[in-house]
Amino acid sequence: MAGDVHYFEAVDLALILPGEPHTWDNADQLAPVGDVVVVLWPKDLFSVEISEFEVIQAWLTGLEAGIVFSKAVTAKVMPLMLSMNSAQALKKLTILADVLSELMQVHISQSPISSAPRRNIARIEPVLDVIKSNLACIPSLTECAVLANLSVATLKRLFTDSLGMSYSQYCDQLRIKRARHLLATTHQPIGVIAQQCGFNSAGYFNQVFKKHERLTPSEFRKQFTWRKRR
């Protein structure tokens, strides 16, 4: 989420953060639509002095991007989601809390950042923030080490231990995510998108994108031409 592009299937579940632009599209405009459940709530709904609710609120507040959940997770909470349609107001709130609690546990258990030692994450958080804010011109590993007051070797180790990937792999992951969004939602030339995502040349962008997506940027974009965006 948060600028990414996901392929949705027959049964889907997504958690979208407040104010995050989003859309669902279907290339087959005549395809039947089944049950749709949209649940909206104030972002501080669980900001109360009840420990169980405080845990949920802390998790929601700490999310930096929305989440698309797997088929298995979706199937597990789908009966609860559908039951909200006919539930009374107070019961809807308790069902929502149950659903969010289940999703929180799944997300935390599957997130490398959540399972990493908090001290390690805290040490590289300034670097993560800088990278996300400067995708068009990401600082070098050495510059980031200075920013975090760490040696290059220590920063490398913290990335591997905390995120399960190298510094360069993490940067490429964010760049490709941003590129996917721009390719799907704009008509900008691929060379321009490459520059906006921090790639020095369209050729290198092509190479890295195909490695991640098994498609060239042009091939990926063709999947969204039916949308006819202006």
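- Proximity of Leu15 to Val68: side-chain heavy atoms (C-beta onward) are nowhere separated by under 4.5 Å.
- Taking CD1 from Ile95 and CD from Gln88, the interatomic distance works out to 10.5 Å, rounded to the nearest 0.5 Å.
- Here salt bridge (Lys or Arg N to Asp or Glu O under 4.0 Å) pairs that include residues 94-108, with residues two or more places apart or in two chains, are Lys76-Glu102.
- Looking only at atom types and distance, the side chain of Ser218 has no donor-acceptor partner in the side chain of Thr216 under 3.5 Å away.
- No donor-acceptor distance shorter than 3.5 angstrom exists from the side chain of Gln195 to the backbone of Val192, with no hydrogens or angles considered.
- Between the Ser133 side chain and the Val130 main chain, no donor and acceptor come within less than 3.5 Å of each other.
- The backbone N or O of Leu182 sits less than 3.5 Å from a side-chain atom of Thr186, completing a donor-acceptor pair.
- Judged by distance alone, the side chain of Arg123 and the main-chain N or O of Asn149 form no donor-acceptor pair under 3.5 Å.
- Remark: Phe69 pairs with no residue by the ring-ring contact (aromatic ring centres under 6.0 Å, His included) rule, at least two apart or across chains.
- For the atom pair Gln223 CD and Leu183 CG, the distance stands at 10.5 Å (nearest 0.5 Å).
- Between Leu96 and Phe46 there is a side-chain heavy-atom pair separated by less than 4.5 Å.
- Of the inter-residue distances, the one linking Asp129 atom CG with Ile124 atom CD1 reads 10.5 Å to the nearest 0.5 angstrom.
- Residues satisfying the side chain to side chain contact (heavy atoms under 4.5 Å, CB included) test with Thr160, not counting sequence neighbours, are none.
- Checked options Asp12, Leu103, Leu13; the residue passing with Thr74 is Leu13 (criterion: side chain to side chain contact (heavy atoms under 4.5 Å, CB included)).
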